[in-house]
Amino acid sequence: MIRTGESFGFDQGSAERWLGFVRATAWRYFRPHVIGGAYLPSGPGLIIGCHSGVIPYDAACTLVAVREATGRFARAISDELFGRVGMVRDFLRQQGAVVGRPRIVEALLRAGNLVLLFPGGARDMERSYLTERYRVLPHRGFAPGHGGYVKIALRTGAPIIPLAIVGAEETHVMLANSPFAARMLSVPLFPLVLFPFPLPVKMYIRFGQPFVLPGTSADAGDQRRVDQLNALVRRRVQRLIDDTRARRHGVIFSVYGNGHKRHPPRLHGAA
């Protein structure tokens with residue numbers, strides 16, 4: 001039985017040291033520009049984004065962005081792969097990351113935490129830069145018949161905070177994935193990339209306005225309704241990414257301003 005105050009191995013001192021390391025390395029290298037930090041709630045919330053970049057620089061920098069904007073530690077949900085190796089699992093738990101089992105995510109939200117979750121998981125990082133860059137694809141947790149995070153949000157009443165990360169796609173430029181090599185090595189993907197070392201791309205981390213999913217805890221048992229809400233969240237994340245890309249001018253030495261479009265995509269309201 002999970003206790004409401006269960007920390008799942010989180011150690012604040014260890015997490016602060018880890019974020020300090022990220023600030024001194026990836027944060028300094030990618031120079032993130034954070035937009036919408038004021039949207040992060042003081043209570044619980046599910047920060048929902050789309051992974052990219054082959055290596056999860058995006059997740060590490062987002063955790064720093066949350067800490068800088070709110071003074072809080074966001075709890076990241078990691079892929080099942082990282083739960084298989086005890087040493088890696090224990091290290092991630094100390095930093096606040098846990099394997100994404102629904103009962104754990106729900107307990108973290110009920111305890112008032114901000115939870116960072118990429119429903120597409122490692123599959124997001126398999127997208128080809130040439131054909132699928134910056135696309136929120138309907139796979140894994142975003143796929144019809146899934147949407148576990150939607151069920152959790154309905155049961156807890158926690159708001160969804162859309163997340164757009166722009167820049168990570170260009171760090172290595174993913175050309176293709178070799179499923180055969182990935183299976184042989186028991187890893188989520190074996191990327192074929194244009195640049196073996198990350199380019200110093202300027203990263204943009206943008207939090208959207210929180211919204212509570214329309215529905216009740218009873219709707220968590222209606223997969224058709226869950227699929228509708230899952231598609232709604234995916235569209236909102238996609239629109240936020242599209243609008244952020246339109247406002248980014250340049251890649252490595254970039255600036256952020258008004259988009260090229262005369263009528264920028266609507267970010268809030270009914271989808």
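Just so it is clear, the values below take in all heavy atoms, side chains as well, and ignore hydrogens, waters and symmetry mates. Quick caveat: nothing in here was measured; it's all calculated off a predicted structure. The first residue in the sequence is number 1, and the count goes up from there.
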Would you say [X]'s side chain and [Y]'s backbone share a donor-acceptor pair under 3.5 angstrom?
X: E132; Y: R127; result: no
X: N177; Y: F190; result: yes
X: R31; Y: I252; result: yes
X: E68; Y: L63; result: no

- Query: Between L240 and L163, is a side chain to side chain contact (heavy atoms under 4.5 Å, CB included) present by the stated rule, with each step listed?
  - Reply: CA-CA 7 Å; L240 193 66; L163 170 67; 5.7 Å; no

ILVMFWY cluster, [X] and [Y] together (side-chain gap under 4.5 Å):
X: V251; Y: Y129; value: yes
X: V54; Y: L175; value: no
X: Y29; Y: F21; value: yes
X: V173; Y: L130; value: yes
X: L137; Y: L229; value: no

- Message: Walk me through whether V136 and I241 qualify under side chain to side chain contact (heavy atoms under 4.5 Å, CB included).
- Response: CA-CA 9 Å; V136 186; I241 291 172; 3.7 Å; yes

Within a strict 4.5 Å, meaning less than it, do heavy atoms of the [X] and [Y] side chains meet?
X: P198; Y: I55; value: no
X: I205; Y: C61; value: yes
X: D219; Y: T216; value: yes
X: D222; Y: V226; value: no
X: R245; Y: R133; value: yes
X: D58; Y: H51; value: yes
X: R234; Y: P138; value: yes

- Task: For the residue pair R225 and Q228, confirm or rule out a side-chain donor-acceptor distance under 3.5 Å.
- Result: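 Present: a donor and an acceptor within the cut-off.
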
Closer than 4.0 angstrom, basic N to acidic O: yes or no for [X] and [Y]?
X: R135; Y: E126; result: no
X: R103; Y: E106; result: no
X: R247; Y: D243; result: yes
X: E16; Y: R67; result: yes

For residues [X] and [Y], report the shortest heavy-atom separation together with the two atoms involved.
X: L154; Y: A220; value: CD1-N, 3.8 Å
X: V22; Y: A60; value: CG1-O, 3.9 Å
X: P159; Y: P44; value: CD-O, 3.3 Å
X: P196; Y: L194; value: CD-O, 3.9 Å
X: A153; Y: I160; value: CB-CD1, 4.0 Å
X: P41; Y: I161; value: CD-CD1, 3.8 Å

If I take atom [atom1] from residue [X] and atom [atom2] from residue [Y], how far apart are they, to the nearest 0.5 angstrom?
X: W27; Y: M203; atom1: CH2; atom2: CE; answer: 9.0 Å
X: I77; Y: L117; atom1: CD1; atom2: CG; answer: 6.0 Å
X: S217; Y: R155; atom1: OG; atom2: CZ; answer: 9.0 Å
X: Y39; Y: R206; atom1: OH; atom2: CZ; answer: 8.0 Å
X: T62; Y: F118; atom1: OG1; atom2: CZ; answer: 5.0 Å
X: L40; Y: F207; atom1: CG; atom2: CZ; answer: 5.0 Å

Got a sec, which residues hit side-chain contact (heavy atoms from CB on, under 4.5 Å) with [X], two or more places apart in sequence or on another chain?
X: R72; value: T70, L114
X: N230; value: F142, Y149, V150
X: L199; value: F195, V201
X: H33; value: I35, K202, Y204, Y256

- If a pair satisfies ring pair (Phe, Tyr, Trp, His ring centres under 6.0 Å) and one of its residues is in residues 57-76, list it, with sequence neighbours excluded.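 Matches after skipping sequence neighbours: F10-F73, F30-Y57, Y57-H172.
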
- Name the one of L109, N113, T156 that satisfies side-chain contact (heavy atoms from CB on, under 4.5 Å) with L46?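 Of the listed options, the one satisfying the test is L109.
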
- Query: Taking only residues two or more places apart in sequence, or in another chain, which ones meet Q223 in a side-chain hydrogen bond (donor to acceptor under 3.5 Å, both in side chains)?
  - Reply: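 For Q223, the residues satisfying side-chain hydrogen bond (donor to acceptor under 3.5 Å, both in side chains) (neighbours in sequence not counted) are K151, D227.
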
- When you look at I165 and C50, which way does the side chain to side chain contact (heavy atoms under 4.5 Å, CB included) test go after all the steps? CA-CA 8 Å; I165 302 173; C50 178; over 6 Å; no

- Message: I'd like to know whether M125 forms a side chain to side chain contact (heavy atoms under 4.5 Å, CB included) with E169, so could you lay out the CA-CA distance, the side-chain angles of the two residues, the decisive distance to 0.1 Å, and finally the verdict.
- Response: CA-CA 9 Å; M125 293 187 281; E169 298 260 11; over 6 Å; no

